[in-house]
Amino acid sequence: MNLDSSIAKSIQNDRVAQKQLYDYYKHDMFVLCKRYFNTTSDAEDALQDGFIKLFKELSQYESSRGTFKAWMSKVFVNICLEKLRKKNVFIQDYDEKALNLSCEHSVLSDLNLKEIVEMISNLPPGYRTIFNLNIIEGYTHQEISNMLNISINTSKTQLMKAKNLLKRKIELIFL
Amino acid sequence: MTTESNNKDNFEKFFQKLFESKVTAEEWNSPGDKVWSNIEKSLTKNKKRNPLVIPLLFVFGSLLVFSALLFNYQKDINDLRMSLAACQNDKVLSSLNVESNTEPKSDQGYQAQPFTKNSETVNHPTPITIGKGYSHLHHSKANDKAYSSGSATSNTTASSTSINIVKKDSSNLQSLVTNAAKDTNIDPITPGDSMGSHQELLESMIINNVSSTKILEIPQTDIENSIDTNLNFKPLSDVQVHNATTNKKMKTFLGLNIGNYIGQSIKNGEPTHSLVELITEEKLNYSMAMGITAKFDLNDKWNIAIHPRVSRRNFTTTYILQIPYSRNTERIVSSNEYENDFTHNLPTSMGSVNTHLVVTRNINHDVHDNEPLVMDFNTTLSSLIVSLPLQLDYFPMGKNKGWYGSLGIQADVDLQNKLQTTRLNSLHQIIKEKEMLQIRDAEGYKNWQLYISPGIGYEKSISKNWILSFQANYIQGLTSIYREENFTHKIGGASALVSILRSL
């Protein structure tokens, strides 16, 4: 697929080009959405809204400011955050045991992408959001505090807890 | 580098790298076919744009202000014309030493008197008007006899005229004409000019400068000093008084204002959201505002005023949460501590606020399953708001004479807002750590509002050009801050305003 050509045609509302872009990126973006939501239907909703927004704002993309995938990911992250804010989860179903096992890289390597995405998406929403934004998307705590209207310390605390929880989950798998 | 930090780095790096590479298509990461068809439908559908309420409002406001200015301008022009005419008239009359209802004095150089033609009475069929029509002549036969012009030459110019100049001293006349000419930008008469020239000049001066269809004619000047004591002029003082009232200029004032706002949200309707009852109070904290004020007089009793101003307003919402504690959802964080999460989505005046509460329970503090944990917390939304109040003022006792009533409409635009503070309180002993993550959602929140604002004010002149104005208004939201079907949050409150204005 010629990316530039597809983008240009998509801006002109060429449905074929839009479908090409969708088909090419749908798996990556779906995984991104799955990291923020713990159900497939929520992730699909986010994916759908993300692509609609993407096609509407495609003309704003400037190749000089970064790769298309990076720009696209930002659009989808924003959509996920918007949806998370709307989401009304009263009590999280979550239970675990405290374990004191180290989490080595070799252990992580044994996990497949599906398992990792599922582990992330099963974190409590606050942990999951900040973990995704900081570790995977690469936003700083300052940026996260602005995006979520929270203090930097809250962001740091949530991240630390998210990582601890994730490590425990990983370790549980290899018990 | 320690093993722990190595692990930490490896851990983070692993996740970073994992999602950098392109995902291979598999069943678990492939979205359903419906997704694309929904996207396609949405892209095809032409969504209706929201009506441009704010721009229309501003256009309407601008038109109103423009109309007021135009009205004011026209009135000024008319008044200016009238006062100019009256002034010129007055000048002429005063230059001619016209006095009425007074005893003529022997030393008066020139007295105006009814014009008579060869000692015959001229009965004017209609009152003769000068300028605006506040002076007219009417005289009797007897008077005419006494004060008729003697010269036949002067009579040749006579017709239905109004003022007769009686000469006492020709040098005085020259001086009079010179002075009058100065006032009316007519070249002064130089010594040596004949009286005939003076007459012509004075005549042309009057004809040229008095805005009247009636022509004042100057009869012969070389006549004896004789005064009509029964001249039926309308007194000049009356003319001036009348002019003073009709010439009251419709002014425009511009100045600064400072004021405040305070209010509370009023909830109406049945919310579909089950957690609305958690909100116990929503109030607009006392906040200052400042800006500029412009007032445009419409007439003696009405004016239009606009007070564009900027304010930083803080809106505080207080919630009381009663959470049924669930031991099933606890997770162990250490050998003697459990952690629990509670998430809420609360529809507030500032939009939906999502909260994520994390509580930590010590293992020694027992708690029953479903035991209610009561806690309260506040959220404050700090907004930078630009307001455009447009109001109509009525002064029952006339301008600058004290009290007035006003009725206005106010458009507010929230330029920037931020969820500023959070305070979480709980007396429940088991809750050791209280951590509240809040995410404010703009969903349901509209950043512009319309208010109606009746009020009263007091205005006082502090000098010739300056006025001081105090005003208090009740403000009632016409639009809802938080919008949900069958449920509204509207602001009800008060505002005060002090303005200092200068006439332009």
Side-chain angles (χ1 to χ4, degrees), chain A residues 13 15 18-19 22 26-28 30-32 34-35 40 43-44 47-48 51-52 55-56 81-82 84-98 102-105 108-109 113-114 116-117 120 124-126 129 131 135-136 138 148-150 154 157-158 161 163-167, chain B residues 3-4 6-8 10-16 18-19 22-26 28-32 34-36 38-40 42-44 273 275 323-324 326 328-335 339-345 352-354 356 358 418-420 435-443:
Chain A
N13 221 16
R15 198 67 76 235
Q18 286 173 339
K19 181 75 166 68
Y22 171 78
K26 67 181 179 187
H27 305 290
D28 294 82
F30 192 46
V31 169
L32 184 150
K34 277 194 152 215
R35 280 194 277 116
T40 304
E44 281 186 339
L47 184 77
Q48 180 183 311
F51 271 106
I52 291 165
F55 290 133
K56 283 181 180 171
L81 291 181
E82 270 180 34
L84 270 174
R85 288 167 194 152
K86 289 178 196 169
K87 213 168 153 50
N88 178 21
V89 185
F90 189 64
I91 296 173
Q92 292 292 309
D93 279 324
Y94 198 79
D95 196 9
E96 61 161 316
K97 289 176 184 175
S102 62
C103 187
E104 298 292 342
H105 193 281
L108 291 170
S109 308
L113 184 63
K114 186 186 175 188
I116 292 170
V117 170
I120 294 170
T129 308
F131 180 84
I135 303 293
I136 300 168
L148 303 181
N149 254 331
I150 56 171
T154 306
T157 313
Q158 295 275 312
K161 289 179 177 176
K163 281 160 71 177
N164 285 338
L165 201 54
L166 210 52
K167 281 178 185 174
Chain B
T3 315
E4 191 183 338
N6 271 333
N7 280 341
K8 187 180 173 182
N10 288 337
F11 187 77
E12 289 185 9
K13 279 176 188 170
F14 170 78
F15 282 99
Q16 282 162 1
L18 185 69
F19 294 100
K22 180 138 179 62
V23 174
T24 317
E26 288 176 47
W28 71 272
N29 63 24
S30 298
K34 276 189 176 178
V35 176
W36 172 250
N38 288 341
I39 292 169
E40 208 170 12
S42 180
L43 291 172
T44 312
H273 202 291
L275 295 174
I323 301 168
S326 169
N328 296 331
T329 58
E330 278 184 341
R331 58 180 176 271
I332 303 164
V333 288
S334 68
S335 56
E339 204 173 72
N340 219 334
D341 288 279
F342 303 94
T343 308
H344 299 81
N345 178 280
S352 298
V353 171
N354 294 265
H356 180 207
V358 182
K418 190 173 183 182
L419 202 61
Q420 207 174 36
E435 195 176 329
M436 179 74 87
L437 169 72
Q438 291 178 328
I439 300 174
R440 180 175 161 264
D441 188 355
E443 182 71 16

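Chain identifiers are assigned alphabetically (A, B, ...) following the order of the sequence lines, protein sequences preceding nucleic acid strands; residue numbering begins at 1 within each chain. These figures come from a predicted structure and were not determined experimentally.
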B:Ser30 meets the side chain to side chain contact (heavy atoms under 4.5 Å, CB included) criterion, sequence neighbours left out, with A:His27
Which atom of B:Pro31 lies closest to which atom of A:Tyr22, heavy atoms considered | CG-OH, 3.7 Å
Starting from the C-alpha separation in whole Å, work towards a yes-or-no answer on side chain to side chain contact (heavy atoms under 4.5 Å, CB included) for B:Glu40 and A:Phe51.
-> CA-CA 10 Å; B:Glu40 208 170 12; A:Phe51 271 106; over 6 Å; no
Under 4.5 Å heavy-atom distance to chain B, tell me which part of A:Leu32 shows up: side chain, backbone, both or neither.
-> neither
Test item: A:Phe30 and B:Val35 side chains (from C-beta on) under 4.5 Å apart, heavy atoms | no
Here the pair of heavy atoms bringing A:Gln18 nearest to B:Leu43 is OE1-CD1, 3.5 Å
Is it the side chain or the backbone of A:Lys34 that comes within 4.5 Å of chain B heavy atoms, both, or neither?
-> side chain
Is the shortest side-chain N to carboxylate O distance from A:Glu44 to B:Lys34 below 4.0 Å?
-> no
Do B:Glu339 and A:Pro124 touch side chain to side chain, with heavy atoms closer than 4.5 Å?
-> no
Please name all residues satisfying ring-ring contact (aromatic ring centres under 6.0 Å, His included) with A:Phe131, sequence neighbours left out, ordered by chain then number.
-> B:Phe15
Shortest non-hydrogen contact from A:Gln48 to B:Asn38?
-> OE1-ND2, 3.0 Å
